[in-house]
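Order of the sequence lines sets the chain letters (A, B, ...), proteins ahead of strands, with each chain counted from 1.
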Amino acid sequence: MKIQFYPVDISYKTRGEKAEIHIYGKDSKGNPILVIVNDFQPYFWAVLKSELEKKKGFERAEIETSEEEIIPITSKKNSEIYERIKDINIPREDKRRITASKIEIAKKKFLGKEIEALKVFAELPSDVPELRQQVKDFGFETFEADIPFARRFITDRDIIPMTLHEADGEFINQRSRVPVFQAESLQRVSDELMENLRVLAFDIETYNPVGKIAIPESDPIIMCGFYGENFKKVLTWKQFNTAPDYVEFVKDEKALIEKFKEIVEEYKPDVITGYFSDGFDLPYIKKRADFHRVELDIGLDYSPLSIKRGHITTCRVVGIPHIDMFRFIRNIVARSLDTTALTLDSVANELLDERKEDVDIENLAFVWDNLPEKLEEFCKYNLKDAILTYNLLTKTMQNLLELMKIVRLPIYDVSRMSLSQIVEWYLIREAKSFNELIPNKPSYDETVQRRIQTYKGAFVFEPQPGLYKNIVIFDFRSLYPSIITTHNISPDTLNCGCCSEERDEVAELTDWFCKKRKGFISTVIEDLITRRMRIKQIMLSADDKDKKLLKAREQALKTIANSMYGYMGFFASRWYSIECTRSITAYGRHYIKQAIDKVAKAGFKVLYSDTDSVFLALENKTRKDAENFLQNINRELPRLMELEFEGFYPAGIFVSAKIGDFGAKKKYAIMSESGLIRIRGFETVRRNWSIIGKEVQEKVLNIILKEQDAKKAFDYVTDVINKLRKKEIPLEKLVIFTQLQKDMDSYTAVGPHVAVAQRMKALGKLVGAGSMIKYIVTEGKGRIRDRAKLVEETSQSEYDAEYYIKNQIIPSVGKIFEVLGYKEEEILGKSEESKKQQNLNTFFGK
DNA sequence: CAGGGGCGGGG
DNA sequence: GTGTACGCCCCTG
């Protein structure tokens, strides 16, 4: 029988001697389903090293031949080795033997060159690493042996997650939370995305003793909030009278976790989401569930929530995509945000114009123990976090879905990928239709080599440091992508044998690119750009609903196209090419300098320029003038290039910070009309700064940009410094918070927070991994750690004012004042008053 | 000056 | 899971 369904979550399972692909999704009626495909075999490619080296760099094949063609063995060498690979037989502990289950020979391309490649099949995905090693030892270069099995399946069978597919097969009986369908065949039938995703957002609150971040070993979960369509709930296990109707009381923490499972099971979400739930909520729930011996088997195959350790832990539920909003926002959305802090509060504020509930979360444990009647506001707070997360997902979902449709990997993967991974997987998918072998990831040594190679970067117009009003920013949003397309920049067109005579006359361009045959990456980029232009065209006559969708699609295409340059220059990428990147920047410098000249000729004051943007001060001109100028310049630019109006900013400060010969680093702060301040290149506030450091930076930027009064900002800082020296700053503003990450004994380097923690332990206080250590640096000589004291051990006059000035105040605002023409010693009050005044006057142009 | 350790997000 | 992880800053030795 035939069924139609939308694949959502795709993974594989080993059953006996076979790996099965498991596709969880929804059928066309909206019912959940598991479709199993078991005719897909793992494989990788092997190419003789001699084959790779022949015709190196020259006379490459036409890109048009794009089907993978199975051919008879032609070379004697290939056939000999073919026999050897066939004979591979590696015993394993479980009595299975690793063999090549099948070998084919095909015509493939590698960076445009036609080559003969062996396609080596394995029985199980887990056999591949050893099989590959064996084949390598025979003198082959292997390819694509590190493509995860499920992703390999998605690519080869041309799946696009969440679009309509048809499967032929039958329902079978198997332990599963959803009906299981065994598919004989599977194909995509439409590009339309599934609709009405059921989203469940959740958020936990934990019992956190004052001054401590809760640690799962000892501190329980005390609330769990949920929000979905027509659904809101807060679970908690302390009774109080004023509970709103969405609060449900449970017996204890164990019951709360069991109820959590039940809600996920009953709500049947298509997607679950949290904010930093990969790193906090889910690992925490898991730990507490383990503690209570509750099996967290919420997977649709009854498997437990799985947590992968890494730099950030990653949490997966089989069959239900889990999206950590924070990760998607940090990796993708953040680039278009003004806020630098990516807390739920600041992101919601900017994206949704909503804030978190204003409660003092530090007090939660105290209230929980002593004032349960006041728990209502914390329940409200808990629910609100879930609501904000839900709304953030709703707000950005279309963008995520469009990215997913372009990259064609499951939403779980795409939602936590960095830009370079998105680009890479897009290229991997595209490589298939060009019949190109996917280059391997560089070895560690290779990445070290790549890291030390440098090349001349973008052009930076050194700003006259200072504060400016009425700033307009123009930028070439598609500068690098258009350069890549226009000049056919791609690793496979680089320095071809046929075109060395036709090099472009562009300053500092050291390489050339084929003019006869289009490259892989340049073709991929051109396709992205033309698709985007087509969409923008359609948008002109679309209704509002379609416009929103098209906008998201167009943004996704732009995001990928814009990242291609950075990707080719990223040390860990598969399609790395320093020659390509340095050529792109050479062309880029050429075009931006042209634009700057034109801006200046049109009578605007150019303040600053970096890579693809020009900052200008309107002075006596108007915004309208700027817009008109744009229209004119765009008429003269090549087809794919466009200078855009990025924005208008009432105030901004700039600094030039030359670092050796490598160019200038972006350092500026600008304020938008809505009062949001965008900071680039300055130290940003961190949690291990004292309150005084944070406070001073925030106030200074506000005074400078909002009130545009540098003198006032300067006076404010000197005042704070004086107060610090006179010991007038209250101790609580000087406390430095540092978290003890591991157990005290496992430290080799004893930093200040470790020393303080040791003393706390000696005093009989409860400290351990996860504890927030609070300390104040006091006067004296020698190491910081010997002078770090507990707050209660420190008297008001004891703190080391100079330490705070040097390590907290100067780092937070020093650079800002440098921009405004102040020297560090002036801030420190070491120079005479008159000089200060003089500087101020220069600054204000008096 | 090298290298260990913390931060980000979360309570 | 046929993988996987960064870049910056402070402090100590």
Return the value, rounded to whole Å, for the distance between atom CZ of R783(A) and atom P of dT12(C).
7 Å
Using the P atoms only, state how far dG9(B) lies from dC9(C), rounded to an integer number of Å.
16 Å
Only counting residues at least two apart or in another chain, list the ones meeting salt bridge (Lys or Arg N to Asp or Glu O under 4.0 Å) with D385(A).
K356(A)
For the residue pair Y390(A) and Y227(A), categorise the inter-ring angle as parallel (less than 30°), tilted (30 to 60°) or perpendicular (more than 60°).
perpendicular
Hey, does the side chain of T314(A) come within less than 4.0 Å of dT4(C)'s phosphate (OP1/OP2), counting only N and O?
no
Should N331(A) be listed as having a side-chain N or O under 4.0 Å from OP1 or OP2 of dC6(C)?
no
Looking at residues at least two apart in the chain, or sitting in another chain, which of them share a side-chain contact (heavy atoms from CB on, under 4.5 Å) with E217(A)?
I215(A), K287(A)
Set of residues satisfying salt bridge (Lys or Arg N to Asp or Glu O under 4.0 Å) with respect to D369(A), sequence neighbours excluded
none
Taking K102(A) first and then E104(A), would you say they form a salt bridge - that is, a charged N and a carboxylate O separated by under 4.0 Å?
yes
Can you list everything that forms a side-chain contact (heavy atoms from CB on, under 4.5 Å) with V750(A)? Sequence neighbours excluded, please.
V754(A), A755(A), Q758(A), R785(A)
Give the residues of residues 420-429 of chain A touching DNA chain B, defined as any heavy atom closer than 4.0 Å, sorted by residue number.
none
Whole-Å distance between dT4(C) C1' and D413(A) CG?
12 Å
Considering only distance and modelled atom types, tabulate donor-acceptor pairs under 3.5 Å from the side chains of residues 128-138 of chain A, sequence neighbours left out.
unit_1  : atom_1 : unit_2  : atom_2 : d
R132(A) : NE     : T142(A) : OG1    : 3.2
Q133(A) : NE2    : D137(A) : OD1    : 3.2

Pairs involving residues 324-333 of chain A, ordered by first then second residue, that meet salt bridge (Lys or Arg N to Asp or Glu O under 4.0 Å) (sequence neighbours left out):
D278(A)-R327(A)
Exercise: do D445(A) and S443(A) side chains pair donor with acceptor under 3.5 Å:
no
Between dC11(C) (C1') and I736(A) (CD1): distance, integer Å
12 Å
I'd like to know if the side chain of T339(A) pairs up with that of E350(A) as donor and acceptor (distance under 3.5 Å, no hydrogens or angles considered).
no
Using the test side-chain contact (heavy atoms from CB on, under 4.5 Å), find all partners of F570(A) that sit at least two apart in sequence or belong to another chain.
S420(A), A572(A), S573(A)
DNA chain B: stems of at least 3 consecutive Watson-Crick or G-U pairs, cut-off 3.5 Å?
B:1-8 with C:6-13
Between atom OH in Y775(A) and atom C1' in dG6(B), what is the gap in whole Å?
10 Å
For F121(A), does the CZ atom have more than 12 heavy-atom neighbours from other residues, nucleotides or ligands under 6.0 Å away?
yes
Could you check which residues of residues 272-282 of chain A get a heavy atom under 4.0 Å from DNA chain B? Sort them by number, please.
Y275(A), F276(A), F280(A)
Rounded distance in Å between the P positions of dA5(C) and dG10(B)
25 Å
Which of residues 381-393 of chain A have a heavy atom under 4.0 Å from DNA chain B?
Y381(A), D385(A)
How would you list, by chain and number, every residue that makes a salt bridge (Lys or Arg N to Asp or Glu O under 4.0 Å) with E424(A), sequence neighbours excluded?
R574(A)
Between atom OH in Y412(A) and atom P in dT4(C), what is the gap in whole Å?
16 Å
